[in-house]
Each structure stands twice: as structure tokens, then as C-alpha cells.
Amino acid sequence: MEYNFNSIEKKWQLHWKESGAYKVSNESNKPKFYVLDMFPYPSGAGLHVGHPLGYIASDIYARYKRLKGFNVLHPMGYDAFGLPAEQYAIEHGIHPAVSTDKNIETFRRQLDNIGFCYDWDREVRTSDPKYYRWTQWIFLQLFGSWFNRHTQKAEPITDLIKIFESEGNIHHPFPHSDYQLPGTGNIFSAADWKNFDEATQQQILMEYRLAYCGYGEVNWCEALGTVLANDEVVNGVSERGGHPVVKKKLRQWYLRITEYADRLLEGLQTVDFSEAMKEMQTNWIGKSSGAEIEFKIRGEKTSANEESVRVYTTRPDTIMGVDFMVIAPEHSLVKSITSSEQEKEVTDYIHYVNSRSERERMSEKRITGAFTGAYAVNPFDETRHIPIWISEYVLAGYGTGAIMAVPCGDERDFRFAKHFNIPISNIIGEHFNGEDANPTKDAVLSNSGFLDGMPMREAMDLVNNEIEKRGIGKRKVNYKMRDAAFSRQRYWGEPFPIKWVNGVAYALSKDQLPLELPAMDDIKPGKDGEGPLSNNEEWLNSPLFGGGQGESSTMPGYAGSSWYFLRYMDPHNEQEFAGRQATDYWNQVDLYIGGTEHAVGHLLYSRMWTKALYDLGHIGFDEPFKRLVNQGMIQGSSRFVFRINGTDQFVSHGLISDDGTYQGRILDKIHVDVNIVDGFELDISRFKQWRNGEYAQAEFILEEDKYICGAEVEKMSKSKFNTVNPDDLVVKYGADTFRMYEMFLGPVEMSKPWDTKGIEGVHRFLKKLWRLFYKENTDGSTTAIWNEEVATPADLKILHRAIKKIEEDTERFSFNTGVSGFMILVNELTDAKCHKREVLEKMLTLLAPYAPHIAEELYHVLGNSHSVLDAEFPVFEEKYLVETSKEYPVSINGKMRTTMNISLSAEQKEVEELVLANPVVQKWTEGKLPKKIIYVRNKMVNIVV
RNA sequence: GCCCAGAUGGCGGAAUUGGUAGACGCGCUAGACUCAAAAUCUGGUUUCGGCAACGGAGUGCAGGUUCGAUUCCUGUUCUGGGCACCA
């Protein structure tokens with residue numbers, strides 16, 4: 001029989017499907033293991049070779065764990081709501097549901113080709129009402145709860161109402177400290193609460209809900225007609241498409257993720273994520289601790305003298321080094337403190353700041369500002385009057401929107417002082433050289449009045465205590481992270497299960513879910529930045545909302561993906577998002593594989609949702625992912641042809657001058673499909689047919705009769721013509737070869753450019769493996785050559801060395817060296833002419849996770865009637881590797897000079913005698929007695945002369 | 001600018017705790033089989049000197065610790081990734 005991989009793979013894929021080989025039960029006495037891939041967004045472009053990298057790795061691991069006796073959950077689904085489908089619908093008039101279904105079909109066919117062991121009965125699609133019913137339900141849990149800062153957990157909002165009824169909000173001030181009740185302050189009593197009307201009460205509750213609706217500045221992208229999350233904006237333009245993004249005030253839904261900041265940080269210590277990933281999340285949360293301090297103001301206006309300004313600083317110890325103050329241009333004090341003399345300058349400056357787009361502000365960091373004419377008084381030295389400036393480098397949204405500037409210790413303050421010629425005082429002695437600011441914490445303070453001679457770290461506590469004692473400030477922790485915007489002015493997303501009645505948002509009841517997305521033919525945006533649903537009067541006013549109105553925005557892309565790993569545990573449950581029994585059994589995801597691009601988006605949101613569901617008692621764990629592995633990106637290796645501008649002549653790469661021209665003529669650099677280039681050499685006839693003959697008239701200026709293309713490593717994308725379709729490789733080499741080759745390319749975590757060249761080597765290996773079972777005769781027929789002979793110690797040594805290596809490599813996710821292990825094994829068995837069933841069968845079990853199809857086929861060839869999927873992973877036995885003696889490297893002064901066969905049981909003394917008797921050693925030591933003989937058992941012998 | 005990761009043959013990459021650097025594969029090359037090709041097999045392949053045995057150098061660069069360093073330490077260059085006025 002020949003190695004006809006195409007028919008073998010088809011046969012077993014069908015067989016596994018029909019026999020339900022991958023069906024996983026929630027009831028098992030085996031230990032559980034949950035292996036999860038980040039589910040894909042089914043884009044229209046289909047899969048390229050980069051996508052399956054992580055899927056193959058997780059598939060190998062899942063299969064390996066199954067062989068090791070675990071009940072393995074390994075599901076797959078689709079993140080099916082999203083912008084591209086909607087954009088496509090607007091451009092082509094095809095409903096997102098239709099194009100999404102079509103794309104999913106393509107994805108599924110491509111995935112099936114590769115032979116994954118997913119339990120497709122558990123498939124989820126976030127756009128399916130049966131699924132998003134529960135997304136809506138979880139949203140209502142968030143809407144219906146608040147974060148109790150004393151218990152540090154989410155609790156039902158009904159509990160908060162009880163608290164308000166009995167004591168007002170004295171112990172639970174508004175989460176956003178700048179919130180003011182209409183007309184009053186921000187503290188109310190139980191009596192106040194009872195007197196508030198319904199609308200006010202609801203407005204107050206909205207300030208506490210974990211999912212809340214408010215007005216806020218959002219990142220508005222006109223071109224996409226949508227609001228973007230902070231992490232979807234890069235350098236002031238949208239991550240997707242690069243369109244400009246501006247700040248706009250809109251009514252938005254938010255998740256109060258900031259309340260979970262501390263728990264999200266603490267949780268990182270309990271999970272196995274890469275240090276880089278933990279750091280990214282830590283930086284994103286951006287916790288800093290310091291103090292808020294109040295400075296009195298002295299200004300020209302009498303009103304100014306009654307004001308004070310509150311600053312946030314992480315360095316209260318430097319308070320005596322404050323040379324000026326800066327407040328954000330948007331700060332509410334600006335108006336009341338500016339002196340008449342400075343009025344024009346300040347107004348002009350504010351005007352200038354407003355004229356600068358977010359993008360300009362970020363890209364060109366100019367040192368700008370204006371003096372307000374007012375001064376602040378240092379609370380610890382009332383003789384010091386500190387000028388107050390405004391500048392765009394102080395952000396209104398962080399801390400108090402005002403800072404105390406200490407130029408000798410802070411780089412930005414230093415540059416500002418230099419630029420505006422503000423005198424700089426030095427409080428850190430020799431640590432400050434007058435050239436650069438020095439943010440050290442290890443200096444001893446000088447020039448600091450009552451703090452003189454005190455180390456900075458001590459001064460920090462002292463100042464903190466002092467300001468609290470005097471009531472002019474308090475210790476304060478701040479976070480960079482903002483609440484997450486949770487609505488999109490878009491159609492293709494989950495509708496909010498909310499009804500608006502007299503301006504108040506109420507939850508729909510559980511039995512009204514799912515609130516289905518109404519079918520709409522025209523999904524163009526509504527007026528004033530409202531979503532397409534705002535055009536659908538009929539739906540907005542439908543009886544579903546009981547006389548109220550529906551919500552016209554929809555949930556963002558990350559809503560459905562924040563909890564999908566829970567649905568897989570119990571995908572068909574109609575009563576709950578997932579039964580408690582199921583979530584208790586499967587518990588955390590043991591291994592999660594996906595790209596780093598979700599570091600601060602999806603991974604933070606899903607961690608928060610998990611924590612909230614845990615707090616409310618719906619699940620029994622508060623971190624979703626126990627271990628996270630980030631697969632690297634497979635980059636494309638692009639190819640270029642060079643056309644002389646304005647002609648049809650193409651110049652080979654080697655003929656181009658260093659200045660990028662050809663004989664002084666300008667060249668157009670054009671991406672060419674990598675599939676019509678062999679290495680670097682262009683297939684000219686295929687190039688002429690390419691793109692329906694667009695280049696049929698091309699003429700070529702060749703080097704050595706070849707057209708050589710330019711090359712560059714870029715992101716893999718259709719538009720760069722550098723994508724390689726896995727389907728083609730599967731047809732040509734088979735799924736097993738493809739799987740093993742993707743792993744062989746290098747460590748899973750590493751990014752690397754795709755190169756199809758080496759795939760032949762892996763394919764040869766599988767053919768060689770096949771020849772351990774079948775011999776090819778000269779007439780083309782094959783003969784089975786595997787036999788029932790008893791394995792020799794030498795055979796078993798080969799086998800068990802491989803078991804040890806492959807088991808270890810698989811366990812530690814080193815699949816590239818794992819594949820090497822197989823190659824060595826097959827090479828050694830071939831050399832040893834070992835065709836013994838006893839050995840081969842174990843080898844196939846080892847191989848099954850990596851190359852399941854060929855393993856299954858040959859496993860049956862050996863006469864097994866059950867599937868290799870249900871075999872047991874071979875047990876490594878040390879005894880086969882035990883040696884009595886070993887070739888030791890012998891080095892002299894650290895240099896390897898010879899080898900010697902030494903018994904493993906030999907003692908230091910015996911080894912020394914043996915070594916000294918060795919002629920090579922005698923030659924190198926020139927007969928002298930060595931100073932020392934170092935013998936490391938199992939490793940080496942070194943002689944020091 | 002700040003933080004993190006990395007740098008090993010012509011190429012992808014091995015080397016698990018400091019112990020024979022370059023496993024495995026690609027490519028190249030010589031040979032076997034063949035009329036020929038493909039496929040397959042065998043040998044060679046870090047580099048320098050040498051017919052060879054053998055010897056010298058060698059893991060981005062400069063130092064250090066050690067009998068011994070790709071591995072540990074200090075400095076430095078480059079590459080990739082993340083963050084970027086967060087006080």
C-alpha cells in the first residue's frame with residue numbers, strides 16, 4: 001500500500017465525524033482539561049497559513065492530554081458580530097447575517113481540512129440569538145449590580161437601594177468623585193433618598209451600576225461611523241483603516257471596569273501568563289499611588305483668593321521643590337483665577353489647544369503653555385508664591401487635572417521650566433546637575449525647609465501624614481485605565497435589553513430575552529451619530545418595550561467574546577448561560593492560546609466579566625484563564641517586481657542601482673503574488689496571465705536570463721499578495737505534513753516569516769515513516785514489512801529515548817523540537833532495520849497528536865480495531881536507557897582533548913587513575929601531575945594542569 | 001523617551017540545572033541506482049591552515065567571574081514588540 005495521504009485523511013476525517021470521536025461529555029470520572037483557542041472573526045478572506053498556527057498547537061496539546069487520560073474540552077466557535085460584515089453590507093447590499101454565514105462555511109471547510117479534534121456540537125456563534133440571549137442576560141447582571149468598595153465585590157443593586165434607604169450614601173460615595181447631584185452636593189441622607197423622585201433615584205443608581213449609561217467624551221470615527229475603544233485608537237487614528245478619530249460627547253454605555261482595577265492586578269499573580277503579557281496589562285491599568293494636596297491661591301481677583309487648587313502627585317516628598325504649577329487648559333479654575341493682564345494670552349492659548357486635533361497633540365509634543373497671572377501658596381512655606389500656568393501637557397482626565405511641578409525631579413517639568421525661563425530650585429543636591437531632571441528616590445533632601453537632611457522615602461510618609469493631619473490633602477491611588485465604552489452606533493451587534501421610559505433606562509425581564517436584532521434592509525447610520533436602529537421607528541416603539549423605547553445603539557465586538565468560554569461548557573442550555581454543574585466541572589480554561597493583540601482588550605474584559613459573575617455567585621472561579629500562551633504571528637514574505645515608471649518594462653532586482661532607480665529612471669515597486677514566484681525567481685509566463693492578463697504586455701530586463709524579485713517581510717494580507725492558502729498545501733502534501741511543518745518552523749510563541757521551502761523535508765519524513773511499514777518494490781507494488789519480532793534492548797533504547805524527548809517537548813510546548821524527535825526516531829529505526837510491531841505501535845501513539853491521520857491509518861494496519869485516539873500514551877521507562885558505562889569527554893584546562901569510556905559506577909579515585917593512564921592525557925599534561933581532576937558524573941572530566 | 005524580549009552556519013532553528021556549540025530540517029555538494037529524469041539511498045557541509053592525522057579561531061561587540069560561559073555579571077550596538085505627555 002502506498003502513502004496516499006489525500007484518501008487516508010479524507011477517510012479518517014469522515015470516520016471520526018461519523019463515529020462522534022470528538023464528542024466530549026460533561027460526565028466523566030477522568031480528570032478534566034480545558035484547551036481553548038481564541039475563536040476567530042470569520043472574515044471574508046478565509047484562512048491563511050498564519051491562522052492555524054495556534055490551532056495546531058492547541059490541537060496537539062488537546063490530543064496529547066486525551067492520550068494521557070484526561071477528559072479534554074476543546075471547542076471552537078465564531079466571533080461573528082463585527083464591523084467588517086456591516087461595512088460589507090453597506091457597500092454590497094448583502095445582509096451581515098448572510099455574509100457571515102457564508103464566511104463561517106468557508107472557515108469551517110478550511111478548518112476541517114487540517115483535521116482538528118474540535119467537538120463541533122459545542123460550536124458557538126456570538127451572533128446567534130440563542131447565544132446572545134445570554135450575552136444580554138449577563139449585561140443585565142452588570143446593569144443590576146454595583147461595586148461595593150468595602151467588600152471589593154459586585155453586589156446586587158437592590159442591596160444598595162436598601163443601604164440608601166437606611167443611611168443614604170454616606171458610606172458609599174459616588175464612584176466618580178466629580179459627580180454632583182443636581183442642585184446639591186454629592187452626599188445624601190436616607191431622608192433625602194426617600195424624597196427624591198423616581199427619575200432622580202434612577203439617575204443616582206446609574207452612577208453606581210457596573211454597566212451604566214452616561215454622557216462622555218468618546219473616540220468618534222466619522223469614517224467608520226462608530227465609537228472606538230481606547231485600544232482601537234492608535235496615534236489618533238483608527239486601528240482599522242487608519243481614519244481620523246476625534247473626541248465627541250455622546251450618550252454611551254460603559255462598563256465600570258475601573259472598580260476592578262485592583263482585583264485585575266492581583267489576579268495576575270494567580271495566573272500563568274507570560275511576563276510580557278502581565279506587564280502590558282499592568283501598564284494599561286496604570287496604578288500609581290501618591291497624594292492629593294491642596295494649595296491656596298493668591299491672585300489679583302478677590303474671588304481667586306478664596307479658591308484653592310488640588311493637585312495629584314506621586315512625589316509628595318518633593319513638595320519643597322515646587323517651582324510652578326500647571327493646570328489643564330480645560331480646568332474649571334482657569335476662568336476664575338486668570339488675571340486681567342493675562343486674560344488675552346490665556347484665551348488665545350485655550351483657543352490654540354482647541355484647534356489642535358488629538359492626533360497633532362500626540363504626534364508633535366511641543367512645549368506650550370500660558371501663565372494665568374495667579375499664584376499658589378506652598379502650604380509648608382507660605383512665603384513661597386508659586387506661579388500657576390496652564391498647559392496641554394497636563395491632562396484634564398487624570399488625577400485632579402492639576403500638578404505641582406518640580407523641575408529638578410521631573411523631565412517634563414524641567415523642559416517646561418527651561419522653555420519659559422522659570423527659575424529651578426534644587427532639592428536633591430549633587431543628584432541634580434542642572435542639565436537634566438533626575439527622578440531619583442534615593443536622594444537626601446536639601447533646600448527643603450523642615451525636610452532638610454531627610455531621605456526622600458522617609459519624607460514621603462512624613463508629608464503624607466502631615467497633609468492628612470492638617471486636612472489639606474490625602475493619600476490617593478490613581479489608575480490610567482478608564483471605564484470601558486460599551487456601546488456602538490452600529491447595527492451588527494447585540495441589542496441592549498433595555499427600555500427607556502421618561503429618560504430612565506430599565507432592564508427588560510429575563511423572559512423577554514433574547515431581544516432579537518430586527519431585520520433591516522437598509523442599515524445606514526442614523527442622525528447625529530445615532531446607530532442604524534434609530535431609523536427603525538417601528539422597532540424602537542414596539543410593544544416589547546412596554547410603552548417605552550428601545551435602545552438604538554448596540555453592544556461592541558468584545559461583548560460576546562467576554563464570556564464565550566463559559567458557553568462551550570454547556571452550549572445548549574436554555575435555562576441558563578451555563579449550568580453551575582457544568583461550570584464547576586470544567587472550571588478554568590487550563591490552556592488558552594491566542595495572539596498578543598488582545599492583551600488589553602478581550603483579555604481584560606473577559607477577566608472582568610468572570611470576576612463579576614463570580615461575585616454574583618453564578619460561577620465558582622474568578623480568573624477565566626489559568627495558563628495563556630501567545631502564539632507568534634506568521635508574517636508574509638512579500639515579493640516585488642519593478643516597473644519603469646510609465647512603461648511596461650520590468651527590471652530584475654539585481655540591476656537596480658543603490659538609489660532605487662534603473663539608469664536614473666524611476667521604478668514602481670509592485671507587489672506580486674508569492675505563489676507565482678519560485679524563491680526569488682519570477683515565473684514570467686504565469687505573471688503575464690496574472691490578474692486576468694493585466695501584465696500580458698510586460699517586457700523584462702533580465703539578469704542571467706532570470707527575473708529576480710525584490711523581497712520584504714510584511715504582515716500577511718491579501719492586498720500584499722503574500723498569503724499562502726493552507727488548502728493548497730493540504731492538497732499537495734496532506735494535513736499531517738502541514739500540521740507538522742507549521743510546528744517545525746520554530747517555537748510557537750515566536751513570530752516568523754512563512755517559507756514554504758522546508759515543507760518537503762517534513763513530507764519526506766512521513767514517507768520515510770511509512771516505509772517502516774511498507775517496502776516499495778521495483779514494479780511499483782508494496783509489501784508489508786512490519787513484523788512480530790521481539791524488540792531488542794537496542795530497539796527499546798531508541799524508542800524510550802524518543803518517548804522521553806517527545807513527552808517532555810510536548811509538555812513544555814516545544815513542538816518544533818518535538819517534531820525533530822520524531823525525525824530522529826524514524827531515522828534510527830530505519831538504520832536499525834527495526835520493523836517490529838511492538839515498537840511501531842508505540843511510535844504511532846506518540847505520533848497521534850501531531851499527525852493523527854497517518855497514525856490512525858497505520859495503527860489499524862497493525863491490526864488494531866479501536867482508534868489510536870483511545871490508545872494510551874506510551875509510558876517512559878528509565879530502565880531501557882540505563883547504561884553501565886559511558887563515553888566521557890575529557891578536557892584539559894577546559895579544552896576538549898579526548899573521550900574515554902568510564903563505568904558509571906566509578907568513584908572519583910578510580911576515574912583519576914584511569915585518566916592519568918590515558919596516553920592522550922599524558923601527552924597533553926606532558927607527564928606532569930595535574931593540579932586537579934574534576935569529574936562530573938554523567939557529564940565530563942576536566943583536568944587542570 | 002520608557003519598559004520587555006531577542007541576536008548562534010548560506011537559511012529556519014537545537015543545546016532542560018554553567019560541562020563535546022551547531023541537534024533536526026532546508027539549501028548546497030559529491031556519489032549510488034537510471035539511457036535519462038523524478039523518487040530513494042550514502043557521504044560531505046561553521047570557518048581558517050593542512051593531502052590527511054590534526055591544529056587555530058568561533059554563539060552581535062568589549063570586558064569580568066569560573067578549571068570550564070551560547071548559558072551567569074557589567075557595559076555597549078542592533079533588531080523586534082509594547083507603552084507613550086498618566087504628574
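A note on names: the letters A, B, ... follow the listed sequences, proteins ahead of strands, and every chain is numbered from 1.
Residues from residues 817-830 of chain A lying near RNA chain B, meaning a heavy-atom separation below 4.0 Å, are A:T817, A:S820, A:M823, A:I824, A:N827 in numerical order.
For A:K418, the NZ atom is loosely surrounded, since the number of other residues' heavy atoms within 6.0 Å does not exceed 12. Within 6.0 Å of the CD atom in A:E411, the count of heavy atoms belonging to other residues, nucleotides or ligands exceeds 12.
Rounded to whole Å, the separation between the C1' atoms of B:G80 and B:A32 comes to 46 Å. B:G50 and B:C61 have their P atoms separated by 26 Å, given to the nearest Å. Taking atom P in both B:C73 and B:A21, the straight-line distance is 22 Å, to the nearest Å.
An OP1 or OP2 oxygen of B:A87 is reached within less than 4.0 angstrom by no side-chain nitrogen or oxygen of A:Y393.
Results of the ring-ring contact (aromatic ring centres under 6.0 Å, His included) test with A:Y3 over A:F773, A:Y733, A:W770, A:F765 single out A:W770 as the only residue that passes.
Where A:D413 and A:R812 each meet RNA chain B at their nearest nucleotide, the meeting point lying more 5' is that of A:R812. Nearest-nucleotide assignment on RNA chain B puts the 5′-proximal partner with A:P747, out of A:G286 and A:P747.
Counting only Watson-Crick and G-U wobble pairs whose two distances sit under 3.5 Å, RNA chain B takes part in these stems of three or more pairs: B:1-7 with B:77-83, B:10-12 with B:24-26, B:27-32 with B:40-45, B:46-49 with B:54-57, B:60-64 with B:72-76.
In B:G9 the O4'-C1'-N dihedral to the base is within 90° of 0, which defines a syn nucleotide.
One can place CE of A:M750 at 12 Å from C1' of B:U8, the figure rounded to the nearest angstrom. Here B:A87 presents its C1' atom at 6 Å from CG of A:D410, a figure rounded to the nearest Å. Atom NE2 in A:H419 sits roughly 15 Å away from atom C1' in B:C85 (whole-Å rounding). Rounded to whole Å, the distance from CG on A:D317 to P on B:A87 is 14 Å. Atom-to-atom, NE2 of A:H598 to P of B:G82 comes out at 13 Å; the value is rounded to the nearest Å.
A:W284 and A:T282 share no donor-acceptor pair across their side chains, judged by distance under 3.5 Å alone.
Below 30°, between 30° and 60°, or above 60°: for A:Y850 and A:F815 the angle between ring planes is above 60°, a perpendicular geometry. Aromatic ring pairs are classed by plane angle as parallel below 30°, tilted from 30° to 60° and perpendicular above 60°; the pair A:Y61 and A:Y64 is tilted. Between A:F432 and A:F414, the ring planes are perpendicular. Angles over 60° get that label, and only those under 30° would be called parallel. Between A:Y312 and A:Y398, the ring-plane angle classifies as perpendicular under the 30° and 60° cut-offs.
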Measure all distances between protein nitrogen or oxygen atoms and nitrogen or oxygen atoms of nucleotides 66-69 of chain B, and list the pairs falling under 3.5 Å.
residue: B:C67; atom: O2; partner: A:N942; partner atom: ND2; Å: 2.0

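Across all strands, A:E275 comes closer than 4.0 Å to no nucleic acid atom at all (heavy-atom distances).
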